[in-house]
Chemist: 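I have a structure I would like to understand better, so I am pasting it below and will then ask my questions one at a time.
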Amino acid sequence: MLKQVVVFGSKMSESIIGKMIEVNLPVEVIKVMSSKDNDYLGGTESEIREQTELILQPFIGKVDVIILCEPEVVFSTQAFLSRKYPRQKFVGYGQNLPNLLRNKRSARVLLSKSVKRMTRYQELKSEFSDMEISECEFSLEERQNSKSKDLIEFATKDFSGGLIVIYTPDLIRIKSLIEKKFTWRADVVDMRPSLLRATCLALNLRGIDGKLNRDIKG
């Protein structure tokens, strides 16, 4: 019997992350949308936490791993859920950001407006006060409704090159276009490789979590 993995996020995020898990791991993926219109991602941290727990309640204790696709949910909810339900394994998109930033001189982070104002994100950013971090904030409406060329122009404005971190998974769809624009002048990364490794470890799958970035499909 295949192990079961719940992928929880907005429609675009759970589609991108869910596809990655489906094509790379021998598991059954259950995609769960955060809400019909995703409006709660702009709520307070306590509101996000309450609604996340409510939506995920039917799956807690019944599946092997629950993946939280949105950094908003990871920052506000993952630690809380892990403490409250210690037998359920949770992994989240974006947890490896400190390792990506370490030993870099500068970086641009593409993130949502709600993540930028979260306490945990600001604490994390303060750990790298000696480096230059520029941020490009996107509202949910911008990420959902803007054309790719407009997203790219906004994301790369006044950026000459270096590390670009895609910190909201629904912008992964423009990653290759950003790479094409900068060629060798920018290293464009997202958090899928570390998320896949964390999922493999949570599932006790050996020999898969060591995949290199170029080996990950989807």
Chemist: Counting only N and O atoms by type, is there a donor-acceptor contact under 3.5 Å from the side chain of Ser82 to the main-chain atoms of Ala79?
Modeler: no

Chemist: What I'd like to find out is whether the side chain of Asp190 reaches to under 4.5 Å of the side chain of Pro169, using heavy atoms alone.
Modeler: no

Chemist: Lys175 and Ile166: which non-hydrogen atoms are nearest, and at how many Å?
Modeler: CB-CD1, 3.6 Å

Chemist: Students often mix this up, so state it plainly: with edges at 30° and 60°, are the rings of Phe182 and Phe159 parallel, tilted or perpendicular?
Modeler: perpendicular

Chemist: Can you tell if the side chain of Arg108 reaches within under 4.5 Å of the side chain of Leu163, non-hydrogen atoms only?
Modeler: no

Chemist: Who are the side chain to side chain contact (heavy atoms under 4.5 Å, CB included) partners of Glu53, not counting sequence neighbours?
Modeler: Gln57, Phe80, Leu81, Lys84, Tyr85

Chemist: Does the side chain of Ile17 reach to within under 4.5 Å of the side chain of Arg192, using non-hydrogen atoms?
Modeler: yes

Chemist: Between Glu22 and Lys19, is the closest basic N to carboxylate O distance under 4.0 Å?
Modeler: no

Chemist: Taking all heavy atoms of Val91 and all of Ala198, pick out the closest pair and write down the distance.
Modeler: CG1-O, 3.8 Å

Chemist: Could you tell me whether a side-chain N or O of Arg185 sits under 3.5 Å from a main-chain N or O of Ser160, the two making a donor and an acceptor?
Modeler: yes

Chemist: When rounded to the nearest 0.5 angstrom, what distance separates CG in Leu68 from CD1 in Ile48?
Modeler: 11.5 Å

Chemist: Would you compute the distance between atom OG1 of Thr77 and atom CG of Leu56 and round it to the nearest 0.5 angstrom?
Modeler: 9.0 Å

Chemist: Do you know which two heavy atoms are closest between Val74 and Gly92, and how far apart they sit?
Modeler: CG2-CA, 3.6 Å

Chemist: Do side-chain atoms of Glu14 reach the backbone of Met33 as a donor and acceptor pair under 3.5 angstrom?
Modeler: no

Chemist: When you compare the side chain of Val109 with that of Ile133, does any pair of heavy atoms fall below 4.5 Å?
Modeler: yes

Chemist: Is the shortest heavy-atom distance from the side chain of Ser114 to the side chain of Pro71 under 4.5 Å?
Modeler: no

Chemist: For residues Ser15 and Lys31, is any side-chain donor paired with an opposing acceptor at under 3.5 Å?
Modeler: no

Chemist: Take atom CG in Asn145; do more than 12 heavy atoms of anything else shown fall under 6.0 Å from it?
Modeler: yes

Chemist: Does any part of the side chain of Ser194, heavy atoms only, come nearer than 4.5 Å to the side chain of Leu100, both counted from C-beta?
Modeler: no

Chemist: Check whether any side-chain heavy atom of Val63 sits under 4.5 Å from a side-chain heavy atom of Val6, and report yes or no.
Modeler: yes

Chemist: Which heavy-atom pair separates Asn24 from Met20 by the least distance, and what is that distance?
Modeler: ND2-O, 2.7 Å

Chemist: Nearest 0.5 Å please: distance from the CD1 atom of Ile152 over to the NZ atom of Lys157.
Modeler: 16.0 Å

Chemist: Are Glu135 and Lys116 within salt-bridge range, i.e. N to O under 4.0 Å?
Modeler: yes

Chemist: For Glu72, does its backbone N or O pair with a side-chain atom of Ser76 as donor and acceptor, under 3.5 Å?
Modeler: yes

Chemist: Taking Ala202's backbone N and O only, do any of them form a donor-acceptor pair with Lys89's side chain (distance below 3.5 Å, no angle check)?
Modeler: yes

Chemist: Starting from the C-alpha separation in whole Å, work towards a yes-or-no answer on side chain to side chain contact (heavy atoms under 4.5 Å, CB included) for Arg143 and Met12.
Modeler: CA-CA 10 Å; Arg143 302 194 318 265; Met12 181 66 71; over 6 Å; no

Chemist: Would a distance-only check, ignoring hydrogens and angles, find a side-chain to backbone donor-acceptor pair under 3.5 Å from Tyr93 to Met191?
Modeler: yes

Chemist: Looking only at non-hydrogen atoms, find the nearest pair between Cys69 and Val7 and report the distance.
Modeler: SG-CG1, 3.3 Å

Chemist: If we ignore hydrogens and angles and just use 3.5 Å, is the side chain of Ser112 paired with the main-chain N or O of Val115 as donor and acceptor?
Modeler: yes

Chemist: I'd like to know whether CD of Glu153 has more than 12 heavy-atom contacts from other residues, nucleotides or ligands below 6.0 angstrom.
Modeler: no

Chemist: Less than 4.5 Å apart, any side-chain heavy atom of Lys147 and any of Asp150?
Modeler: yes

Chemist: Has Asp170 got a side-chain atom pairing as donor or acceptor with Ser13's backbone, closer than 3.5 angstrom?
Modeler: no

Chemist: Measuring from atom CG of Asn99 to atom CZ of Arg102, what distance do you get when rounded to the nearest 0.5 angstrom?
Modeler: 5.0 Å

Chemist: Tell me, with the steps shown, if Leu25 and Val5 meet side chain to side chain contact (heavy atoms under 4.5 Å, CB included).
Modeler: CA-CA 10 Å; Leu25 301 181; Val5 175; 6.0 Å; no

Chemist: Hey, is the main chain of Leu195 close enough, under 3.5 Å, to the side chain of Gln95 for a donor-acceptor pair?
Modeler: no

Chemist: Starting from the C-alpha separation in whole Å, work towards a yes-or-no answer on side chain to side chain contact (heavy atoms under 4.5 Å, CB included) for Ile67 and Phe8.
Modeler: CA-CA 6 Å; Ile67 297 176; Phe8 172 71; over 6 Å; no

Chemist: Please check if the number of heavy atoms outside Glu132 that lie under 6.0 Å from its CD is greater than 12.
Modeler: no

Chemist: Can you tell me how far the CZ atom of Phe75 sits from the CD atom of Glu123, to the nearest 0.5 Å?
Modeler: 9.5 Å

Chemist: Any side-chain to backbone donor/acceptor pair from Gln144 onto Glu141? Under 3.5 Å, distance only.
Modeler: no

Chemist: Looking at Phe138 versus Phe154, is the centre-to-centre ring distance below 6.0 Å?
Modeler: yes

Chemist: Can you list the steps and then say if Ser148 with Leu177 is a side chain to side chain contact (heavy atoms under 4.5 Å, CB included)?
Modeler: CA-CA 9 Å; Ser148 293; Leu177 298 176; 4.1 Å; yes

